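Because the structure is a prediction, the values reported are computed rather than measured. For this chain, numbers begin at 1 and follow the sequence in order.
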Amino acid sequence: MIRPSGLWTRRLVAACLAALPLVLGAPALADEPAWRTATALGGEPRYSQGFTHFDYVNPDAPKGGEARFGAEGSFDSTNVFLGIKGTPTGAVALAYETLFTASLDELDISASYPLVADAMRYPDDFAWAEYRIDPAARWQDGQPVTVDDVVWSFDTLKEIYPTFTSYYAHVVKAEPAGERIVRFTFDAPGNRELPHILSQLYVLPKHWWQGTDAAGKPRNIRETTLEPPLGSGPYKVTAVDPGKRVVLSRDPAYWGAKLPVNAGANNFDRLSYEYYLDPTVMMEAFKGDKYDFRAERSAKMWATGYDFPARADGRVVTLTFPRSATGVMQALALNLRLPKYQDPRIRRALNFTFDYETLRRTVFFDLYDRIDSYFFGTDLASKGLPGPDELALLEPLRDKLPASVFTTPYANPVGGTPEAVRDNLRQAVALFAEAGWTIRDGKMRNGSGEPFRIEFLTNDQLNERYMSPYAKALARIGIDLDYRLVDDAQYQNLMRDFRFDMTTAIWAESLSPGNEQREYWGSQAADRPGSRNTAGIKDAAIDALIDKVVFATDREALVTATHALDRALLAGDYVIPLFYSRNNFYAYWNRFGHPADLPKYSVGFPDIWWYDAAKAAATGLSR
């Protein structure tokens, strides 16, 4: 299960849904499924009907103050739901709400509770799902949230956002089914995830998008805009400085303030986001107290960059928080749409040229591990050789899969010493030779004499820390790598049309994978502009194994199917796995309070933290 960039939550659908609590009110008819106030994947939700707040919050948290964020890059749109145009700011996400919302202390954030909808239901065969809109739900202009808004949101988002097109591909229709009820009909029964992922649907105000702006110009959700959007959430977008700054203010009339899922949350009066084009300038701005909270993504910066007076005297606090909510594949993605990358021996050879172990020691301060699974960091990662349950899925596809799936556990080449690096380069040259490429006149060339060149496309300066050593290694076997750094807008445009050679890509994986796997690796997504199948994987066996994941009937079957899918993806050498930390690293100015026990799956900032005036005064700044 996924969420669109900057917006998403996680997943559910239960094996024992019949045991879930009912909503108070009129009972369901004998031949109708019961209305439910929660769902959870693989079991019952943690919180039963009538709960007053999540266990991890401080329900008496004070309201007030400001939290300031730094954001790298720029933006030219506040329309975060347009997947093929512009560079949107994710800062506006808190203006919007979904039908249900997640807790932060349940497996993979996989349980959902009422938000815009106060209940949901579906039949035993999962052929459809219905959501009942909370009669209190209001847009920030005071108008009620309606079934028509939900239907319009679904139809529109599925049309204009490529990820939604794939994610909701098996939902054939959304329609009114009563005064406050919307029904989603599926193309086939048995997809247990669909009712849950529909609970994550963002509801948009049809009347606002079909209205006019302050200048009388008709709005168009299919175009970029810099107008502050209208939502139904706890925060209003109150200021937009194009490309530079976004400010949100807590809505004192927020309709959902007293819902159990919001108790102890949304405590700041104001959230501000400052954009910085240069990561070095952005770090200096943090040290200079220009923003409050920083998620650190550079190992070098974490190891060496926080030795400054405010950190030493306690005005700045650093926090290491374990990653346990998601798995990940971060990799150098090769564009398989290009002929030179279609031979798996070439792709494997390029992995042999990547010396991660030296990078770990010299660049990453031993803070990162090499990724060896598409579900790295979770129990969904395959290990060893496939067991009987996996073989039952893999054997029917044997003629479509690499033989190594059945004989050899996946492993990345290991470097780190001069001897190991030389041996890896020799193996890379041998694989190139098998594929018809040899070194002549100092360059790797094919039979026609054409050199093998790589253009690495990125919008992130930090990638140079590992790509520069990689370029030097490639040069030793006659391959030139050109490093092309472009701005965010150009990068987005090039990637939407797959006009790249090699780039860095990251796929976050929930602990309960499902329909999003088609968007990541499925053949139908490979050539659809804006899809997440960055590499362009088109493989019938992969498609078949994705179906096994999507239609898994319980947790055990899901884990087995995911292991099998992981093996097939790894054996294809579609990407060059990079590295990832098993921890998140944060730094913040010490002017906030938070619950003593943070939720297991998220640090929870700013959602469940609050402004502490006494601490703020001690830092030299009180707002």
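- Checked by atom type, the side-chain pair N463/T458 shows a donor-acceptor distance below 3.5 Å.
- In the model, D141 has a side-chain atom that pairs as donor or acceptor with a side-chain atom of H207 under 3.5 Å.
- Here the closest heavy-atom approach between residue Y574 and residue L569 is recorded as CD1-O, 3.4 Å.
- Here the two rings, on F605 and F69, have centers that are under 6.0 Å apart.
- Rounded to the nearest 0.5 Å, atoms CG (L545) and CG (L401) are 6.5 Å apart.
- Using modelled atom types and a 3.5 Å distance limit, the side chains of Y254 and N266 yield no donor-acceptor pair.
- Using modelled atom types, one finds no donor on one side chain facing an acceptor on the other under 3.5 Å when comparing Y168 with N515.
- Here I197 contributes atom CD1 and T98 contributes atom OG1; the two are 13.0 Å apart, rounded to the nearest 0.5 Å.
- How far NZ of K236 is from CG of D251: 4.5 Å, rounded to the nearest 0.5 Å.
- A side-chain donor-acceptor contact under 3.5 Å links N262 to the backbone of G256.
- In this structure, E72 places its CD atom where more than 12 heavy-atom neighbours from other residues, nucleotides or ligands lie under 6.0 Å away.
- Within the 3.5 Å criterion, the main-chain N or O of S166 finds no donor-acceptor partner in the side chain of R518.
- Between E516 and R532, no side-chain nitrogen of the basic residue sits less than 4.0 Å from a carboxylate oxygen of the acidic one, so the salt-bridge criterion is not met.
- Just one residue in the list Y410, Y374, F376 forms a side-chain contact (heavy atoms from CB on, under 4.5 Å) with P577, and that residue is Y410.
- For D497, the CG atom counts as densely surrounded, since its 6.0 Å shell holds more than 12 non-hydrogen atoms of other residues, nucleotides or ligands.
- Between K85 and E223, some side-chain heavy-atom pair lies under the 4.5 Å cut-off.
- For W139 and Q143, the side-chain atoms include no donor-acceptor pair closer than 3.5 Å.
- In this structure, a donor-acceptor pair under 3.5 Å is absent between the side chains of S74 and D488.
- Side-chain atoms of W255 and D134 form no donor-acceptor pair, as typed in the model, at a separation below 3.5 Å.
- In terms of heavy-atom proximity, Y275 sits nearest to G90 at OH-N, 4.1 Å.
- For Q210, the CD atom sits in a packed shell: over 12 heavy atoms of surrounding residues, nucleotides or ligands are nearer than 6.0 Å.
- Looking only at atom types and distance, the side chain of S232 has a donor-acceptor partner in the side chain of E97 under 3.5 Å away.
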